[in-house]
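Hydrogens, waters and symmetry mates play no part in the numbers below; they use all other heavy atoms, side chains included.
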Amino acid sequence: MSLRKRQEIQKMLRKINFDFVKEKLNALRDKANGLLKGKKSDGPANNRSVKTEPAAAKASAAPKPHKTGLGKPSNTVAGLIPEDDIYASSAGNNPSLKIKEEDLFMGNSGDFLRPISESDVEDIDLKPLGDDLPQMVKARKKILISQIFRDLFSGLIVAICAIACALLLAESYITKPAPVYAWLAFIPFAIAIFNMRSAVYSFIVGWLTGGIFYFVILHWISGTVFEGLGNNGIATLSLTALSCVLAVQFALFSLGSYYLKRLPLLWPLACACLWVGLEILHQLIALKFMAFPWFVLGYTQFNFLYLIQISSYTGVYGVSFVVIFTSLVAGYLFLRIHRAAKVFYFILAVCVLLLTLSFGHQVIKEQLNYMQASPNNLRIALMQPYTHKLFIAGYDEDVVYTIAGQMEALKGKKASLVIWPESSLPGDLLSSEYMDYIKEQSKELNVWQIFGGTEVIGGEQYVAAVLVNEEGISDDYKKTRLVPFGEFLPFQGILGGFYEGNGITSLTGTFTEGKDPGKVFVITADVPGKNKKAEYQFGTEICFESIFPSIYRAQALSGADFFVNISNDGWFLVSAAPYQHLRANVFRAVENRRPLLRSTNTGISAWIDSLGKIRFETGLDKQESSVFNFVFQDRDTKTFYTTHGDLFAYICLALAVPLVIFSMVFLSVRNEY
């Protein structure tokens with residue numbers, strides 16, 4: 001080669017960019033490696049033993065895919081693995097997943113969006129993930145088994161708490177007074193509510209709790225129905241059906257409490273208001289529609305005189321509030337709630353209880369002083385003839401014979417008012433063949449007498465009480481609240497055909513309600529120790545009406561100085577019912593600050609003073625007569641409750657309902673305990 005030609009070649013080589021050439025060579029090498037891998041994947045399976053380039057080398061050589069707003073393609077391996085694992089900055093972020101983004105894509109950067117072929121997938125080493133998979137499955141099974149056992153344990157706790165709540169409440173309301181159990185009953189209820197995880201579950205558990213409770217305390221219903229109809233199947237069905245219907249109140253309370261736990265800092269107070277609201281709602285339904293408000297929580301405290309004095313302001317519902325609020329706070333202390341909230345409610349419950357008892361102590365002191373200042377003194381005879389079985393068997397003459405024998409025993413007792421129970425005279429009181437005899441006895445004994453029985457006016461039958469003196473019937477009162485299925489059949493217009501087709505009748509007949517609940521009787525009687533007569537006014541209530549405070553209020557507003565309740569508790573047989581019936585009357589006396597006289601056919605007859613203290617009571621299932629000096633005061637003043645009624649209960653209802661609705665609608669599940 002000539003010198004000149006050689007110089008030209010050297011000059012050309014000096015002008016070449018060797019960096020550019022190096023880059024091109026590297027690109028050709030990468031492309032060759034890619035072709036070699038493609039051929040290797042086409043070979044037999046045993047050729048996979050050929051060593052491949054380490055992942056680290058591939059990571060240094062393969063171009064990283066650019067990030068786009070579209071994210072990872074769903075049809076690549078990258079779309080099958082969580083983004084956080086794929087884009088982990090180091091293996092420490094996810095030690096169980098060693099795959100990097102560079103290992104998932106083959107070829108040039110232009111192949112980034114290309115779906116990975118089966119050959120590519122086979123070449124990816126997933127061994128680290130495969131080794132951890134059994135452990136992950138085992139962990140998942142362990143968590144599932146743990147969840148099952150936790151749910152079973154939680155369900156067992158709820159069941160035990162629900163049964164405990166029902167039985168404690170029942171124990172506080174059956175024959176022997178045990179008011180302390182009512183204070184304990186809602187401790188397990190609070191624990192149960194905070195272990196419930198669904199509204200439906202809460203409703204069902206509450207309904208079952210109420211069903212158990214009512215089945216226990218109303219067990220006498222089956223005996224009453226059996227005595228009236230003689231059918232054991234219908235008797236059992238009546239008890240079960242009534243228990244299930246009344247249990248709806250418990251179910252609604254449980255459901256509302258479940259939603260209110262989304263407001264954990266208000267829960268005890270809101271739930272106490274909800275309970276009282278449901279009690280007054282039950283009473284309203286009974287007044288306007290049909291219900292059986294036999295149980296009110298406050299009734300369990302009938303012999304706790306210092307506590308029940310607030311009833312003159314709040315009615316029995318104030319006592320219910322104090323009991324359930326204190327019990328819920330006690331249960332609240334066992335929950336995983338902020339300690340400051342527990343301390344606050346503990347102090348608040350103690351303050352409420354102390355203030356209530358302090359008020360009761362002051363009222364009792366004032367009332368005792370008032371009762372000792374110039375009291376009225378009226379000679380009373382409470383008659384308990386024990387004629388129920390004779391009455392329902394139709395032995396009318398034997399009933400009158402028994403009454404005549406007890407009247408004979410009254411001679412020389414100087415009674416001013418003789419009180420006979422409901423169903424004391426057979427037949428129509430207004431045209432009774434026995435009324436002439438009663439008039440003669442009233443004249444001979446110089447007494448007023450009250451008899452319970454039936455009046456027939458214009459073809460309508462009424463359960464009535466008549467006031468009799470020597471001139472005959474002076475006045476009468478017609479019962480305004482009748483017993484469903486006992487004195488009338490509900491929904492007669494709709495279900496009349498069904499009743500007739502199945503031979504269903506009410507136990508004692510079909511009666512019509514009276515229209516004047518505020519009716520009062522007026523009598524004149526000699527003033528002991530003075531040569532003059534005085535006029536006295538009193539209201540009369542018949543049997544079932546004792547659980548309706550509005551009737552007593554109406555009579556107190558009409559000027560009644562005391563109340564007379566007449567009843568035929570012989571239908572209850574020897575059971576808890578006569579005791580439960582008596583306890584409701586205690587609160588009617590305290591609410592209106594008027595004493596109450598009670599005469600029953602088979603017991604329990606009693607004298608209850610204006611403080612709610614039972615001065616004396618007769619035995620159950622016995623024939624007795626009691627003559628005593630009844631001491632009471634003229635009551636020109638009205639209590640707050642007499643004037644304003646159930647204002648406290650309505651306030652509780654007005655507070656509870658919006659809170660439940662707010663919790664249900666506006667608070668999410670995340671706010672639950």
How long is the span from the [atom1] atom in [X] to the [atom2] atom in [Y], to the nearest 0.5 Å?
| X | Y | atom1 | atom2 | result |
| --- | --- | --- | --- | --- |
| Phe572 | Asn601 | CZ | CG | 12.0 Å |
| Gln309 | Glu366 | CD | CD | 10.5 Å |
| Ile221 | Thr240 | CD1 | OG1 | 11.5 Å |
| Leu239 | Ser222 | CG | OG | 5.0 Å |
| Ser327 | Trp275 | OG | CH2 | 10.5 Å |
| Ile364 | Lys613 | CD1 | NZ | 9.5 Å |

> Does the ring of Tyr462 carry Lys478 above it, NZ/CZ under 6.0 angstrom from centre and within 45° of its axis?
Replying inline: yes
Are [X] and [Y] close enough that their ring centers fall under 6.0 Å?
| X | Y | result |
| --- | --- | --- |
| Tyr201 | Tyr258 | no |
| Phe295 | Tyr173 | yes |
| Phe250 | Trp207 | no |
| Phe616 | Phe628 | yes |
| Phe194 | Trp267 | yes |
| Tyr313 | Tyr641 | no |

> If we only count heavy atoms from C-beta on, is the Leu582 to Ile614 side-chain gap below 4.5 Å?
Replying inline: yes
> Do the non-hydrogen side-chain atoms of His581 and Arg598 ever get within less than 4.5 Å of each other?
Replying inline: yes
No-hydrogen, no-angle side-chain donor-acceptor test under 3.5 Å, [X] and [Y]:
| X | Y | value |
| --- | --- | --- |
| Thr639 | Thr642 | yes |
| Glu617 | Trp607 | no |
| Asn565 | Ser546 | no |
| Tyr477 | Asp516 | no |

> Tyr317 and Phe648: ring pair (Phe, Tyr, Trp, His ring centres under 6.0 Å), yes or no, with the steps?
Replying inline: CA-CA 8 Å; Tyr317 306 109; Phe648 173 80; 8.5 Å; no
Angle class for the [X]/[Y] ring planes (parallel below 30°, perpendicular above 60°, tilted otherwise)?
| X | Y | result |
| --- | --- | --- |
| Phe544 | Phe292 | parallel |
| His644 | Phe640 | tilted |
| His219 | Phe215 | perpendicular |
| Phe587 | Tyr299 | tilted |
| Phe186 | Phe253 | perpendicular |

Could you report the tightest heavy-atom contact between [X] and [Y], atom names first, then the distance?
| X | Y | value |
| --- | --- | --- |
| Ser320 | Gly298 | OG-N, 2.8 Å |
| Ile217 | Gln580 | O-NE2, 3.4 Å |
| Thr512 | Leu482 | C-CD1, 3.8 Å |

>> So, applying ring pair (Phe, Tyr, Trp, His ring centres under 6.0 Å) with Trp294, which one of Tyr214, Trp220, Phe213 is it?
In response: Trp220
> Considering the options Tyr536, Phe538, Phe521, which one meets the ring pair (Phe, Tyr, Trp, His ring centres under 6.0 Å) requirement together with Phe562?
Replying inline: Phe538
> So Ser605 and Gln384, side chain to side chain donor-acceptor pair (under 3.5 Å) or not? Walk me through it.
Replying inline: CA-CA 7 Å; Ser605 303; Gln384 189 170 302; 2.9 Å; yes
> Quick one: which of Thr600, Asp621, Thr602 gives a side chain to side chain donor-acceptor pair (under 3.5 Å) with Tyr386?
Replying inline: Asp621
> Just one of Glu541, Glu545, Glu513, Glu487 clears the side chain to side chain donor-acceptor pair (under 3.5 Å) bar with Lys479, so which one?
Replying inline: Glu487
>> One pair to check against side chain to side chain donor-acceptor pair (under 3.5 Å): Glu279 and Gln283. What are the steps and the verdict?
In response: CA-CA 6 Å; Glu279 284 189 340; Gln283 184 76 212; over 6 Å; no
